[in-house]
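For reference, the structure is listed below as structure tokens.
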Amino acid sequence: MVPARRMRRRKMADKKEDEQDTKELKKSDQVIAREEKKNKLAQEGVDLFPHNAEISHQVAEIVKEHSSDSEEDLKKRGVKVKVPGRILFMRRMGRATFFHISDSRDKLQVYIREDRVGENLYHLFSCIDIGDIILVEGGLFKTRTGELTVLAESFTFLAKCLYPLPEKWHGLQDVELRYRKRYLDLIMNPEIKQIFRLRSGIIAGIRNFFDERDYIEVETPMMHAIPGGALARPFKTFHNALGIDLYLRIAPELYLKRLIVGGFEKVYEINRNFRNEGISSEHNPEFTMLEFYEAYCDYNDMMDMTEELICGLCHDLLGKEELTFDGRTISLKRPWKRLKFKEALTQYSGMAPSRFDNKQEIITFASDLTGDKGPLSYGNALDVIFDKFVKQNLDHPTFIMNPPKEISPLAKADRDNPDEAERFELIMGGMEIANAFSELSDPAEQRVRFEQQVEERKKGDEEAHPIDEDYVEALEYGLPPTGGEGIGIDRLVMLFADKKSIREVILFPLLRPK
RNA sequence: GGCCCGUUAGCUCAACUGGUAGAGCAGCGGACUCUUAAUCCGCGGGUUGAAGGUUCGAGUCCUUCACGGGUCACCA
């Protein structure tokens, strides 16, 4: 029995669907024309959606292997190909047609003429639309203008495209449509594929870097009973069978350190974090993070490794030692600048060092900057001033070292300055790229830090870290000295790909459903 | 969340101070067997994001809403 309430809800849902259906029934002349062709082909017994395709080459392979061959070479060798691709451009000239097919890397011209393929097949070809995916069989030659071309002997359909593609010259420009229908963006704007190839290359390069250093890659839970490891608001969900609230993880940190306790000396994880916060050109609610932890290290070692990792990636993927970002040049020449948090503050805010000793004045100053957002702690106030005055000025990679201990509840206190944390943030292109520390390993100290966070939470800081007793217990078994770091992969890709918006480096960024 | 901008044909874009919504590509029909943003001739295609309002008359002005972009804030 379906409860009455649910019935009502279903009826409403049905109604909504009906409305959508009628909307979709309004087909453009373009769609009607394509469907008519599809039906005609089906009537003639053509399989428009076959189960497989017997191919000999990819488009890019042919272009790579034969672009520089001369017409005589091609004729002599008589290279035959069976190549699949999507049709993007077409020039019909009566009994002959030129068109281009493309794969993910390149495009290739095809020449089909009635006297080669026969009247029947050429007639079938008249039912082809731009956007269809076909398999072309034929031999290679060069046109009068020297373009490598397949002279078609035959072709078969691999998929019919039932909608018109965006405009061939301008591509798909509408930013919203590009994200919502990313497949169209990828079909029409080949340069977009380069961004995601680069992204894939960065991630592969990172894996290679850590694998070479005897790290193991691990996967830790993404559903947490206590969302920890960062200061951020989580997404909440519910597990039916267990009857408990769960949170999508805001960071893998606490689990990775449990693994160090367990005896893995070097671990890394590349995966998604979820933070229930605003969306901006630098923030997507789900984002990809690399976190790595190495026993018998501290944050100084992490800085060295970070330089090595990012410089290596840049060298391997871009073949240079600098990045171009938003019209600026970011030099990656080592060693990178290392600046104390407080030095950065005085240097960029223009405020005398002594003013930072007056905690109340700093808090008032920062509160004015944020507007009326409730009371700030001294540490948070310094952080506000840092974000406002310092961060945007740091283009070249800079390690901002030793922020206040009170905003770093998982980091060891600095060995010489008990109010500071042995922690750094790496800033590049005005963005925070990495965050690392000498991991706090003293369980008693960790409990005190958690308790301080609970106090902050009571005062209204929703991002303060909740206490995680199970994690403290893990520390009580002994965490060796450990350096740990998180690197925001999306932002790193932004820098490498010279994209100012994080949505340009995420295939399917979060958008409000239409 | 504040402010600014945008939303017009399948796509890319026009439409002056309010006065019959246009072009290119794409589509359809025709010509065309080395074209490449092919060319030439002809044709069709619109709830101007939605709902109200002002006006004789609204794509254009006003209000509200939806979605997106930018920016600031929140936020790592």
Side-chain angles (χ1 to χ4, degrees), chain A residues 23 26-37 71 88-100 107-117 122 126 129-131 141-147 149 151 161-181 184-185 187-189 229-233 250-251 273 275-285 287 289 369-374 380 383-384 386-388 391 403 407 425-427 431-435 461-463 486-488 490-491 500-504 509 511-514:
Chain A
K23 244 182 191 175
K26 255 182 278 167
K27 287 170 184 162
S28 70
D29 53 341
Q30 317 241 354
V31 174
I32 292 166
R34 280 165 186 257
E35 280 182 356
E36 278 170 359
K37 286 181 196 170
E71 168 66 5
L88 288 190
F89 304 91
M90 189 146 46
R91 298 169 291 282
R92 294 184 192 270
M93 297 169 300
R95 295 189 146 81
T97 300
F98 281 95
F99 58 98
H100 279 91
K107 62 183 184 356
L108 175 64
Q109 183 167 259
V110 181
Y111 183 37
I112 183 167
R113 29 190 299 163
E114 195 185 73
D115 58 10
R116 284 304 280 240
V117 299
Y122 198 80
S126 68
D129 285 304
I130 289 171
F141 78 106
K142 287 226 163 155
T143 60
R144 217 180 270 158
T145 52
E147 179 167 350
T149 302
L151 179 59
C161 179
L162 296 176
Y163 291 100
L165 292 184
E167 212 244 9
K168 63 182 175 187
W169 192 240
H170 299 92
L172 185 63
Q173 297 294 327
D174 185 299
V175 176
E176 184 178 351
L177 266 182
R178 285 185 44 231
Y179 299 153
R180 287 191 194 279
K181 298 187 191 292
L184 284 182
D185 191 26
I187 291 169
M188 297 310 299
N189 304 322
L231 307 180
R233 281 152 69 179
I250 55 174
N273 290 344
R275 298 188 183 175
N276 207 340
E277 290 155 0
I279 296 173
S280 77
S281 58
E282 289 172 26
H283 298 83
N284 196 58
F287 62 99
M289 185 94 141
L369 289 175
T370 60
D372 187 26
K373 287 282 187 279
N380 282 331
D383 212 25
V384 165
F386 178 83
D387 281 356
K388 192 81 183 175
K391 197 158 77 174
I407 56 170
E425 292 184 352
L426 170 65
I427 313 291
M431 294 187 290
E432 184 199 331
I433 299 301
N435 183 14
D461 184 352
E462 285 185 67
E463 298 182 348
I487 296 182
D490 310 280
R491 290 183 184 170
K500 263 203 91 182
S501 167
I502 199 168
R503 289 179 212 97
E504 291 291 343
L511 297 176
R512 194 182 291 272
K514 273 230 150 165

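Throughout, protein chains are lettered first and strands after them, A, B, ... in sequence-line order, and every chain is numbered starting at 1.
Nucleic acid contact for Arg116(A): none, since no nucleic acid atom lies under 4.0 Å from a heavy atom of the residue. Base contact: Phe141(A) has a heavy atom under 4.0 Å from a base atom. Within the 4.0 angstrom heavy-atom criterion, only backbone atoms of the sugar-phosphate kind lie near Tyr179(A); the bases stay farther away. Residue contacts for Arg491(A): at a heavy-atom cut-off of 4.0 Å it reaches no nucleic acid atom on any strand shown. Residue-level contact check: Lys181(A) touches neither bases nor backbone, having no heavy atom under 4.0 Å from any strand. Using a 4.0 Å heavy-atom cutoff across all strands shown, Arg92(A) reaches at least one base atom of the nucleic acid.
The closest side-chain heavy-atom distance from Leu184(A) to Leu177(A) is not below 4.5 Å. Residues Asn284(A) and Pro509(A) have side chains in contact (heavy-atom distance under 4.5 Å, counting atoms from C-beta outward).
Interface remark: the Arg95(A) side chain does not form any donor-acceptor pair with the U33(B) base, using a distance-only criterion of under 3.5 Å. Checked by distance alone, Glu147(A) brings no side-chain donor or acceptor within 3.5 Å of a matching partner on the base of U35(B).
Relative ring orientation between Phe98(A) and Tyr111(A) is described as parallel, the plane-to-plane angle staying below 30° on a 0-90° scale split at 30° and 60°.
A donor-acceptor pair shorter than 3.5 Å can be found between the side chains of Glu167(A) and His170(A).
Remark: Pro164(A) pairs with Gln30(A), Val31(A), Arg34(A) by the side chain to side chain contact (heavy atoms under 4.5 Å, CB included) rule, at least two apart or across chains. For the salt bridge (Lys or Arg N to Asp or Glu O under 4.0 Å) test, residues two or more places apart in sequence or in another chain that qualify with Lys391(A) are Asp387(A).
Here the nucleotide nearest the side chain of Thr143(A), chosen from G68(B), C28(B), C34(B), is C34(B). Between A26(B), G68(B), C75(B), one nucleotide has an atom nearer to the side chain of Arg512(A) than all others, and that is G68(B). Of all nucleotides listed (C34(B), G68(B), C75(B)), G68(B) comes nearest to the side chain of Leu511(A). Comparing atom distances between the Met93(A) side chain and each of U35(B), G68(B), A26(B) picks out U35(B) as nearest.
Pair check for C61(B) finds G53(B); Watson-Crick or G-U wobble, both atom distances under 3.5 Å. Nucleotide C43(B): paired with G27(B) (Watson-Crick or G-U wobble, both distances less than 3.5 Å).
Spacing between A21(B) and C62(B) at atom C1', rounded to whole Å, works out to 22 Å. Remark: the separation of the P atoms in U12(B) and C74(B) is 35 Å, to the nearest Å.
Taking only side-chain nitrogens and oxygens, Arg113(A) never comes nearer than 4.0 Å to OP1 or OP2 of U35(B). A sub-4.0 Å separation between OP1 or OP2 of C75(B) and a side-chain N or O of Arg275(A) is absent. Checking the phosphate oxygens (OP1, OP2) of C32(B), no side-chain nitrogen or oxygen of Arg91(A) falls inside 4.0 Å.
Atom pair Asp129(A):CG and C28(B):C1' shows a separation of 11 Å (rounding to whole Å applied). For the pair Met188(A) CE and C25(B) P, the interatomic distance rounds to 15 Å; values are reported in whole Å. The distance from atom CE of Met90(A) to atom C1' of C34(B) is 17 Å, rounded to the nearest whole Å.
With the nearest nucleotide of RNA chain B identified for both Asn435(A) and Lys142(A), Lys142(A) has the one nearer the 5' end.
Met188(A) and Pro166(A) get closest at one heavy-atom pair: CE-O, 3.3 Å.
The pair Glu504(A)-Arg178(A) counts as a salt bridge, with a side-chain nitrogen and a carboxylate oxygen less than 4.0 angstrom apart.
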>> At under 4.0 Å between heavy atoms, how does the protein contact nucleotides 5-15 of chain B? Give one character per nucleotide, 5' to 3', with B, S or -.
In response: -----BBS---

